[in-house]
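Scroll down for the structure; my scribbles are underneath it.
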2 protein chains.
Amino acid sequence: MPERGDGTRQRLLEAAADCFSANGYDATGVSEICHRAGVSKGGFYHHFPSKQAVFLELLEQWLGALEARLTQIRDESPSVPAALHKMVDTFDQVLGSARGRLPIFFEFMSKAQRDPAVWAATIAPYRRYRAFFAEMIRRGIAEGSFREVDAEATALLLVSLAVGLILQSLLDPQGEDWAEKAQRSIQLILYVLQREGA
Amino acid sequence: MPERGDGTRQRLLEAAADCFSANGYDATGVSEICHRAGVSKGGFYHHFPSKQAVFLELLEQWLGALEARLTQIRDESPSVPAALHKMVDTFDQVLGSARGRLPIFFEFMSKAQRDPAVWAATIAPYRRYRAFFAEMIRRGIAEGSFREVDAEATALLLVSLAVGLILQSLLDPQGEDWAEKAQRSIQLILYVLQREGA
DNA sequence: TAATAGAGACCGACTGGTCGGTATGTGAGA
DNA sequence: TCTCACATACCGACCAGTCGGTCTCTATTA
């Protein structure tokens, strides 16, 4: 049962996400968020202690959703390579559906450099991602899909590649078919992982 | 022959770079830059039309220097794989020496999303990087070091990897030995490129 | 059931301070 | 004396956060 103020709170969060995406954190005023949500300034500060609190909550939502999606794909896939491929397949979905929201990503990174609170909120899930993929690699080795590679190093490679691709696709959205590029790159990596090489 | 005001201008640029690195673009006030440079606000606006102009000039300097360094390494190396390895070797140098300055990187990206001027200044050199590496790959194929891969796709892979590694090393500086990780990753890629695989 | 008291939701004017940028002044060199 | 390189003082806009107050819903009591 939704509490009385939950709708307002949610509207504020969504409005904030829109504004931050469109204009960036610093350039977005609290009053702008309020206007968009149809809430007064007082209402805003009733629900959130500060502008940054909204920012952090959005960060948590976003990273959490991504992790949930990845976990879901992993659990639905028959094998580790299949799961990785599936993740790449949804790459452009992720990019497409959240296109407008992704620019906040940079904002997070940028802020994380300076603000310990943001840093903690960013680095923790990020390390979980690395651990998540390392675990996948280990599983792949166990199930016989992969050679006996260094799981941590390979996970780092995968995450780096993903991060780099996302970053570039953000920077230059219509420059390339990013999903296809991602597809190719991951295939190359998988090829190396799977083969019995020297 | 240095003009009368060149020293001041340079001091302003350096002060701005320091401030932007330490606190970010938005959080840095023009007066802060002026104070650090020992110049008045009038002096600042005598040399630069706006705060953004300084930002753009720094961006240009930074990207240009990186490109020059890469070109130098390429021209000094006996073969393409050697050049790539050398570039990776200097990876931690780049990270280390410019550690403090690199966070502006995010700022650039962040701003490039919204500001056409910054976008243009960012995307142009970035595309040159991709072309630069594609050309290197092609050269590697010509000299017999590499298999006949898709040069553009491989260049994208390399750049993505580099970007991803840089980004992560910025986010989590003392988490890993990033130079070594980079080393490993690039070796993996080179291994694939060089071998005569199926 | 009706009156009442209180708590949480929300309003919007206001504040204290900051910041980018400008207008004007000034001293030194040509 | 004229110009260039800078200094000083200042403006107007803006913005995060505050504060006193109102409205509405709910729980209690008579």
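First the proteins, then the strands, lettered A, B, ... as listed; each starts at 1.
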*Between dC10(C) and His47(A), is there an OP1 or OP2 to side-chain N/O distance shorter than 4.0 Å?*
yes

_Donor-acceptor pair, distance only, cut-off 3.5 Å: does the side chain of Tyr129(B) make one with the backbone of Leu63(B)?_
yes

*Hey, are Lys111(B) and Asp26(B) close enough for a salt bridge, meaning a charged N less than 4.0 Å from a carboxylate O?*
yes

*Within a radius of less than 6.0 Å around CD of Gln187(A), do more than 12 heavy atoms belonging to other residues, nucleotides or ligands occur?*
yes

*Minimum heavy-atom distance Arg114(B)-Ser21(A), with the two atoms named*: NH1-O, 2.9 Å

*asked:* For a quick check under 3.5 Å, do Ser50(A) and Gln52(A) share a side-chain donor-acceptor pair by atom type?
replied: no

*asked:* Please report the distance, rounded to the nearest Å, between NZ in Lys51(B) and P in dT22(C).
replied: 14 Å

_If I take atom CZ in residue Phe55(A) and atom P in nucleotide dA16(D), what distance separates them, rounded to the nearest angstrom?_
14 Å

_With Glu57(A) via side chain to side chain donor-acceptor pair (under 3.5 Å) - residues at least two apart_ = Arg9(A)

*asked:* What is the distance, to the nearest angstrom, from the CD atom on Gln52(B) to the C1' atom on dG21(C)?
replied: 14 Å

*asked:* Could you tell me how far apart Gln10(A) (CD) and dA9(C) (C1') are, to the nearest whole angstrom?
replied: 17 Å

*Parallel, tilted or perpendicular: which fits the ring planes of Phe20(A) and Phe55(A), with parallel below 30° and perpendicular above 60°?*
perpendicular

*Those residues that, when tested against Arg11(A), pass side chain to side chain contact (heavy atoms under 4.5 Å, CB included) (two or more places apart)*: Thr8(A), Ala37(A), Val39(A)

_Closest to the His46(B) side chain, choosing from dC6(D), dG8(C), dG17(D)_ = dC6(D)

*Tell me, which pairs form a side-chain hydrogen bond (donor to acceptor under 3.5 Å, both in side chains) where one or both residues lie in residues 65-84 of chain B, sequence neighbours left out?*
Glu67(B)-Arg128(B), Arg69(B)-Gln72(B), Gln72(B)-Glu76(B)

_Can you measure Asp26(A) atom CG to dC15(D) atom C1' for me and round it to whole angstrom units?_
12 Å

*What parts of residues 27-34 of chain A reach DNA chain D, counting only heavy atoms under 4.0 Å away?*
Thr28(A), Gly29(A), Val30(A)

*Calculate the interatomic distance between His35(A) atom NE2 and dA16(D) atom P; express it in whole Å.*
16 Å

*asked:* Under a 4.0 Å threshold between the charged nitrogen and the carboxylate oxygen, would Glu32(B) count as salt-bridged to Arg36(B)?
replied: no

*Considering the options Leu13(A), Thr28(A), Asp18(A), which one meets the side chain to side chain contact (heavy atoms under 4.5 Å, CB included) requirement together with Ile33(A)?*
Thr28(A)

_Expressed as a whole number of angstroms, how long is the span from Arg9(A):CZ to dC10(C):C1'?_
15 Å

Mind listing the N/O atom pairs, protein and nucleotides 11-15 of chain C, below 3.5 Å?
| from | atom 1 | to | atom 2 | distance (Å) |
| --- | --- | --- | --- | --- |
| dC11(C) | OP2 | Ser40(A) | N | 2.7 |
| dC11(C) | OP2 | Ser40(A) | OG | 3.0 |
| dC11(C) | O5' | Ser40(A) | OG | 3.3 |
| dG12(C) | N7 | Gly42(A) | N | 3.4 |
| dG12(C) | O6 | Gly42(A) | N | 3.1 |

*Would you kindly give the OH-to-C1' distance between Tyr45(B) and dG21(C), to the nearest whole Å?*
5 Å

*For DNA chain C, what residues of residues 13-25 of chain A have any heavy atom nearer than 4.0 Å?*
none

